[in-house]
Amino acid sequence: MLAVDDLAVSYGAVHAVRGLSLTVATGEIVALLGANGAGKSSTLNAVMGLVPAASGRVEFAGQSVSGLAPERIVRLGMTLTPEGRHVFPNLSVDENLALGAATRNERRAIEATRAEVFELFPVLAERRTQLAGTLSGGEQQMLAIGRSLMSVPKLLLLDEPSLGLAPQIVDLIFDLIARLRTRGLTILLVEQSVDRALEIADRGYVLRNGQLAMAGRAGELRASTGVERAYMGLADV
Amino acid sequence: MDVFVQHVVNGLALGGVYALLSLGLALVFSILGLINFAHGELLTLGGYAIYGGLAVLALPFGGAVVVAIIATAVAAMAMERVAFRPVRDASAASMLLTSFAVSALLQVVLQNAISPRGKAIVTPAFFKQAITISDLVVGSIQALSIVATAILLLLLMVFLRSTVLGLAMRAAAVDFRTTRLMGIHANAVVATAFALSGILAGVAALLWVAQSGSVRPLMGLVPVLKAFIAVILGGLGSLPGAVVGGFVLGFIEVFLRAYLPGAALEFREAIALLIVITILFFRPQGLLGRRVEAAR
């Protein structure tokens with residue numbers, strides 16, 4: 001579904017990502033791991049067209065999306081739930097969800113998706129008219145994911161969904177990601193909670209200093225030790 | 001008491017014009033971070049479009065007003081497309097200087113192509129009449145200002161609250177990048193902001209011209225400065241703030257003109273600014289502005 005080939009991202013003289021190739025097949029959860037600053041978010045942002053790629057190709061559903069604006073890419077069926085949630089704080093929960101469906105026209109289909117989102121996150125249904133800025137961190141994360149689902153993506157890029165959340169909420173979010181896959185969604189997950197991410201992922205890629213350090217089945221990566229775990233940002237565990 | 005109510009009506013009428021202009025400035029600022037000083041020239045163009053509609057096309061007054069509102073909306077979008085889009089990713093200073101350039105250019109073009117001096121506009125006789133509501137005598141221009149402002153603000157509120165593009169405008173004001181992740185076209189949001197600011201300037205032009213009875217190439221300068229003050233007063237970046245700031249400034253001016261003793265009357269602009277500065281001293285973020293918070 002997604003094929004990234006020899007991707008490079010630079011911010012001025014800083015090379016955030018170099019020579020990265022990865023694939024995500026339909027129905028998979030793929031984890032993109034690595035320490036802080038390893039280039040995970042830069043990769044997602046470049047795939048999504050939010051930052052320009054210095055070189056390399058990105059193909060989505062058999063079509064090149066290199067150089068396309070993010071709004072075009074969203075319309076093709078790939079979307080990103082950004083790091084730090086980025087709900088619109090001055091808009092209500094309902095309005096945030098309505099914007100998530102901005103690419104769609106049929107009212108009834110949108111209504112059906114919203115019902116599904118409320119089924120996944122009952123707490124959002126209780127807070128429909130509340131401003132998103134007044135939600136708790138966990139609720140904002142649910143809203144951010146729900147908002148992404150409103151566009152009915154084929155591929156969801158999730159950037160650090162557990163960042164800054166309480167442990168029970170993190171459990172809830174990971175359960176949810178696993179459930180989304182059973183609904184046919186393909187997911188590329190960036191996470192710092194490496195063990196949690198590998199529990200639900202099929203495969204993983206590990207970045208170090210912007211380059212691919214390891215790749216493999218989730219089980220193999222979980223079994224890795226020592227220096228390899230350090231690459232994943234687990235040096236302090 | 002009646003006199004007081006009369007001043008309130010005048011304050012609403014003048015404040016309404018400021019509110020329309022400052023809302024136009026605030027809409028564009030909230031999306032692009034640009035204070036568009038060429039906004040005053042949209043008012044001027046609106047005035048000249050009314051003049052042209054009457055004198056050249058021989059339209060009835062209402063027709064000329066419709067032409068003017070369309071003209072200012074188109075002019076605002078053209079301004080964005082030609083002048084501001086190429087510098088959209090440049091620094092705020094570059095965009096500000098671009099707006100000064102557009103402003104100066106339009107002034108010179110109007111001065112040379114039409115006349116450096118003003119042109120009289122024959123307003124309908126209705127504008128000189130007054131409407132009497134029990135004891136209250138309201139000039140029809142004041143009544144028009146209040147009604148037009150109210151309708152326009154209401155329409156804009158409905159647009160911003162119940163259409164996807166309106167929601168996108170409010171979202172983009174806070175987080176443009178994430179708004180694009182919703183599949184909203186960046187150019188559509190920016191063009192809409194300019195089109196709306198143009199429509200608001202077109203209606204403000206009608207109210208301004210109805211009051212003054214003439215158009216001049218430099219007529220936009222003072223109103224845009226007032227609108228800028230109103231935007232800052234209300235809270236830079238806040239749309240309701242821009243409206244409130246416009247009305248507050250209008251009320252301050254009208255009440256100073258009414259109640260200052262004769263000797264102080266010529267200092268009323270300075271006193272008005274002093275009041276604004278005092279308000280900002282206690283609320284530096286403006287009346288409805290939020291303190292700048294770190295990104296969540």
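Residue numbering restarts at 1 for every chain, and letters A, B, ... go by the order of the sequence lines.
Of the candidates Leu99(A), Asn96(A), Val74(A), Met182(B) forms a side chain to side chain contact (heavy atoms under 4.5 Å, CB included) with just one, namely Leu99(A).
Heavy-atom contacts from other residues, nucleotides or ligands closer than 6.0 Å to OH of Tyr11(A) number more than 12. Heavy-atom neighbours of Arg128(A) CZ from other residues, nucleotides or ligands within 6.0 Å: above the threshold of 12. Annotation for Arg183(A): atom CZ counts as buried by contact number, over 12 foreign heavy atoms lying within 6.0 Å. Within 6.0 Å of CZ in Arg72(A) there are 12 or fewer heavy atoms belonging to other residues, nucleotides or ligands.
When Arg75(A), Glu71(A), Met150(A) are compared by the number of non-hydrogen pairs under 4.5 Å with chain B, Glu71(A) comes out ahead. Considering only heavy-atom pairs separated by less than 4.5 Å from chain B, the leading option among Leu80(A), Thr79(A), Thr81(A), Ile73(A) is Leu80(A).
In this structure, CG in Leu181(B) is found 9.5 Å from CG in Leu157(A), a value given to the nearest 0.5 Å. Atoms CZ and CG, on Arg170(B) and Asn90(A) in that order, are 6.0 Å from each other to the nearest 0.5 Å.
Residue contact with chain A, scored on non-hydrogen atoms closer than 4.5 Å, is absent for Ser162(B). Both the backbone and the side chain of Ala186(B) come within contact range of chain A, with heavy atoms under 4.5 Å apart. Both the backbone and the side chain of Val164(B) come within contact range of chain A, each with at least one heavy atom under 4.5 Å from a heavy atom of that chain. In this structure, the portion of Asn45(A) lying under 4.5 Å from any heavy atom of chain B is its side chain and not its backbone.
Closest of all the heavy-atom pairs between Phe88(A) and Thr179(B) is CE2-OG1, 3.5 Å. The heavy-atom pair separating Asp175(B) from His86(A) by the smallest distance is OD2-ND1, 2.8 Å.
Between the side chain of Glu95(A) and the backbone N or O of Leu167(B) there is no donor-acceptor pair closer than 3.5 Å.
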